[in-house]
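One structure is given below, encoded as structure tokens.
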Amino acid sequence: MSVPANVPILTSEAMRAAEAACAASGVSLSELMDRAGAAIADIAWRMAAGSPILILCGPGNNGGDGYVAARLLAERGAEVRVAALADPATELARAARALWTGAVEPLDRDLAPAALIVDALFGVGLSRPLPYELIENLQSLAGRRVLAVDVPSGVASDGVRDWSPPLPADVTVALGALKPAHVLLPTAPHCGQVLLARIGIDAGGTMRTLPSVSSTKPDVAAHKFSRGMVLVRAGPMPGAAGLASAAALRAGAGYVVLSGSDHAPFSAIIAEDGAGYADRLGDARIGAVIVGPGYPVSDALDDDVMAALDAGKPLVLDAAAIAAALPRLHQLDGAVPAILTPHEGEFARAFPGLSGSKIDRALAAAAFAQAVVVYKGADTIIAAPDGRVVAAWPGSPWLATAGTGDVLAGACGAMLARGGDAFDAAVAAVGWHIARAARIGPGLVADDLVADDLVRECND
Ligand SMILES: NC(=O)C1=CN([C@@H]2O[C@H](COP(=O)(O)OP(=O)(O)OC[C@H]3O[C@@H](n4cnc5c(N)ncnc54)[C@H](O)[C@@H]3O)[C@@H](O)[C@H]2O)[C@@H](O)CC1
Ligand SMILES: Nc1ncnc2c1ncn2[C@@H]1O[C@H](COP(=O)(O)OP(=O)(O)O)[C@@H](O)[C@H]1O
Ligand SMILES: [K+]
């Protein structure tokens, strides 16, 4: 499972707007369909490697893409058959079908499979669950390689409904842009390896996949304070704050203070008595404050969160600190740069009653808090109040273990303390986290993410 790095993601509504803009600029929809069909034909040709191909065509333009691909594959000499669910229902699909000179078989229970199945039944136009009979007929074709056109049919492209496709794809060719369903659970795993065929659509740039990680060397003239100073406030479970402080150092902070704990994991971390917290908040060199790791709901947490907000320092708020800070953050209306890092449970507690896809909910939460939200999970979404979104699918499942969220909070603190945009900081931290987890792999425990042998390996 994979998606390309740093490519656009569009909802169906945005896709239709981009398509209309394309038409207005002189590129006809039929030209777009030809480009889509050509991209599909190329990939099908490579996947089939000489074996027979069966293309399943639906009534809309997804089916139209399928007819174009069938014609181009046949012209190249591929052994290709077409089966249709219904007659074409759009002008474009009718025109594409008219140019296909081969037979069109009915898509019924007697349909013979082929080594490669190209699923061009439904794309972004799917408006309801697939009929039961079609599901059964498609299931009887399972077990072959599947190439999905735009999305596996049955998947609702906006990621709002969790309809499963009867034929999960090995490869999905996203047309023009990725769609939310390619990067969100539970649909993303059904899309297999997602490839993007740009087909000349200008998809804009507010929603994207995670960019590749680039490690930035410190400036030659850097000193420990210029690289960013992070204050981590420990709660009653100091191990979590210890992990966050170690992660802040490993992620590039020049100086890390752990307040309220003597459990510093490295000698380089300044562990000090909690009584000095208020003074530290006044320390002008501190570029980011982290509150929340290992700090459950309590009056003390509320006090520490309020003190940090009043100090006006850029903040990373994790776990129970998120709900504690929310009313005040909302009032502050973005005056204090903040990154919130809720997992599913913390998100539901802090932002109850939101609807829509995980992207929609992350955006609504970011707009309410006027803060960057890193809505964690296997399909982590990073959303900014101004509408920017980065989707981090597929992440690394080795991160599904205790303490890795504390490490992410620490990395966010390090990136935020450098100065600059909080959204970019959160994106860099999520990329750092996933890249390290991917290097460690089996047996990962959160402590490994901050261990020094990994650092040596990364520097090799
Ligand atoms: N947006 C773009 O820029 C481009 C889109 N193209 C293709 O066009 C597709 C979208 O085409 P359409 O909008 O025609 O939509 P689709 O082809 O995805 O499907 C719409 C058709 O399916 C029917 N339908 C919807 N749900 C159904 C269900 N559950 N059971 C039975 N029938 C159902 C609708 O009544 C309609 O006839 C994209 O996914 C892509 O493949 C490409 O041709 C190239 C350019
Ligand atoms: N299956 C998964 N695939 C990828 N990343 C995951 C998966 N499960 C969890 N993660 C990541 O691991 C981290 C877990 O954070 P969290 O639940 O807060 O753990 P903790 O509170 O124990 O530190 C998050 O960054 C989350 O995105
Ligand atoms: K499809």
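One-based numbering, in listed order, for ligands and for the atoms of each.
Looking at Asp406 against ligand 2, both its backbone and its side chain come within 4.0 Å, counting heavy atoms. Contact annotation for Cys22 and ligand 1: no heavy atom of the residue comes within less than 4.0 Å of the ligand. Contacts between Pro293 and ligand 2, counted as non-hydrogen atom pairs separated by less than 4.0 Å, are absent for every part of the residue. When non-hydrogen atoms are compared, ligand 1 lies under 4.0 Å from neither the backbone nor the side chain of Leu134. Looking at Asp150 against ligand 1, only its side chain comes within 4.0 Å, counting heavy atoms. When heavy-atom distances to ligand 1 are checked against a 4.0 Å cut-off, Arg35 has no atom that comes that close, whether in backbone or side chain.
Considering backbone and side-chain atoms alike, Pro394 places every N or O at 3.5 Å or more from each N or O of ligand 2. An N or O contact shorter than 3.5 Å links Pro129 to ligand 1 by distance. At a 3.5 angstrom cut-off on N or O pairs, Thr380 counts as close to ligand 2. Between Leu175 and ligand 1, not a single N/O pair is under 3.5 Å apart. Below 3.5 Å of separation, one finds no N or O of Glu346 facing any N or O of ligand 2.
In this structure, atom 3 (N) of ligand 2 has protein heavy atoms in its sub-4.0 angstrom surroundings.
Closest to atom 25 (O) of ligand 2, if we only count protein heavy atoms, is His433 CE1, 3.2 Å. Nearest protein heavy-atom contact of atom 5 (N) of ligand 2 is Ser396 O, 3.4 Å. Considering only non-hydrogen protein atoms, atom 35 (O) of ligand 1 sits nearest to Arg128 NH1, 4.3 Å. Atom 5 (C) of ligand 1 has its closest protein heavy atom at Glu19 OE2, 3.8 Å. Taking atom 42 (C) of ligand 1 as the reference point, the nearest protein heavy-atom neighbour is Asp65 OD1, 3.1 Å. In this structure, the protein non-hydrogen atom closest to atom 26 (C) of ligand 2 is Gly377 N, 3.6 Å. Looking only at heavy atoms of the protein, atom 18 (O) of ligand 1 is closest to Gly123 N, 2.6 Å. Here the protein heavy atom with the shortest distance to atom 1 (N) of ligand 2 is Ala378 CB, 3.5 Å. Ranking protein heavy atoms by distance to atom 11 (O) of ligand 1, first place goes to Asn61 CB, 3.3 Å. Distance from atom 33 (C) of ligand 1 to its nearest protein heavy atom, with residue and atom name: Phe122 CE2, 3.3 Å. At the top of the distance list for atom 23 (O) of ligand 2, counting protein heavy atoms only, stands Gly405 N, 2.7 Å. The protein non-hydrogen atom at the shortest distance from atom 20 (P) of ligand 2 is Gly403 N, 3.6 Å. Regarding atom 24 (C) of ligand 2, its nearest protein heavy-atom neighbour is Lys376 CD, 3.6 Å. Summary of contacts: the protein heavy atom closest to atom 10 (N) of ligand 2 is Leu399 CB, 3.8 Å. Of the protein's non-hydrogen atoms, the one nearest atom 10 (C) of ligand 1 is Val124 CG2, 3.6 Å. In this structure, the protein non-hydrogen atom closest to atom 15 (O) of ligand 1 is Gly125 CA, 3.3 Å.
Residue Met33 has at least one heavy-atom neighbour below 4.0 Å for each of these atoms of ligand 1: 43 (O). In the vicinity of Arg16, heavy-atom distances shorter than 4.0 Å reach the ligand 1 atoms 13 (O). Remark: ligand 1 atoms within the under-4.0 Å shell around heavy atoms of Pro131 are 30 (N). For ligand 2, the atoms closer than 4.0 angstrom to any heavy atom of Ala402 are 22 (O). The contact set between ligand 1 and Ile201, taken as ligand atoms under 4.0 Å from a residue heavy atom, comprises 3 (O). Ligand-side atoms of ligand 1 in range of Gly60: 14 (O), 17 (O), range being under 4.0 angstrom from any heavy atom. Close approach of ligand 2 to Leu408 (heavy-atom distance below 4.0 Å) involves ligand atoms 25 (O).
Figure legend: Arg94 and Tyr67 shown without cation-pi pairing, the cationic atom not lying both under 6.0 angstrom from the six-membered ring centre and within 45 degrees of its axis.
Between Arg109 and Asn137, the side chains place no donor N or O within less than 3.5 Å of an acceptor N or O (distance only, hydrogens not considered). With hydrogens and angles left out, the side-chain atoms of Tyr295 and Arg233 include no donor and acceptor closer than 3.5 Å.
Note on Phe122: counted as a metal contact of the K ion (ligand 3), an N/O/S atom lying under 3.4 Å. One of the N, O or S atoms belonging to Val151 lies under 3.4 Å away from the K ion (ligand 3). Counting backbone and side-chain atoms alike, Val149 contributes an N/O/S atom closer than 3.4 Å to the K ion (ligand 3).
Looking at Asp119, its N, O or S atom nearest to the K ion (ligand 3) turns out to be O.
Proximity of Pro59 to ligand 1 is established by a heavy-atom distance of less than 4.0 Å. A heavy-atom separation below 4.0 Å is found between Ile199 and ligand 1. Ligand 1 lies nowhere less than 4.0 angstrom from a heavy atom belonging to Gly58. A heavy-atom separation below 4.0 Å is found between Ser127 and ligand 1.
The aromatic rings of Phe368 and Phe351 sit perpendicular to each other, their planes meeting at more than 60°, with 30° as the lower class boundary.
Listed for the His433 side chain is no donor-acceptor partner under 3.5 Å among the backbone atoms of Ala409. Judged by distance alone, with hydrogens and angles left aside, the side-chain atoms of Trp398 form no donor-acceptor pair with the main-chain N or O of Thr401 at under 3.5 Å.
Using a cut-off of 4.0 Å between Lys/Arg side-chain N and Asp/Glu carboxylate O, Arg76 and Asp42 are scored as salt-bridged. Note on Arg388 versus Asp421: salt bridge recorded, some NZ/NE/NH1/NH2 to OD/OE distance being below 4.0 Å. A salt bridge between Arg144 and Asp170 is absent, with no side-chain N of the basic residue lying under 4.0 Å from a carboxylate O of the acidic one. Ion pairing between Asp448 and Arg436 fails under the 4.0 Å rule for side-chain N and carboxylate O.
The nearest non-hydrogen atom to atom 9 (C) of ligand 1, considering only Leu85, Leu32, Val173, Asn62, comes from Asn62.
In this structure, the separation between CE on Met33 and CD1 on Ile40 is 9.5 Å, given to the nearest 0.5 Å. Atom-to-atom distance recorded for Ile290:CD1 and Ser259:OG is 12.0 Å, nearest 0.5 angstrom.
Between Ser153 atom OG and Asn62 atom OD1, the angle centred on the K ion (ligand 3) amounts to 100° (nearest 10°).
A side-chain hydrogen bond (donor to acceptor under 3.5 Å, both in side chains) with Lys179 holds for exactly one of Thr11, Asp150, Thr172, Thr187; it is Asp150.
Other residues, nucleotides and ligands contribute over 12 non-hydrogen atoms within 6.0 Å of the CD atom of Glu75.
Of all the heavy atoms in Ala23 and Leu29, the pair that sits closest is CB-CD2, 4.4 Å.
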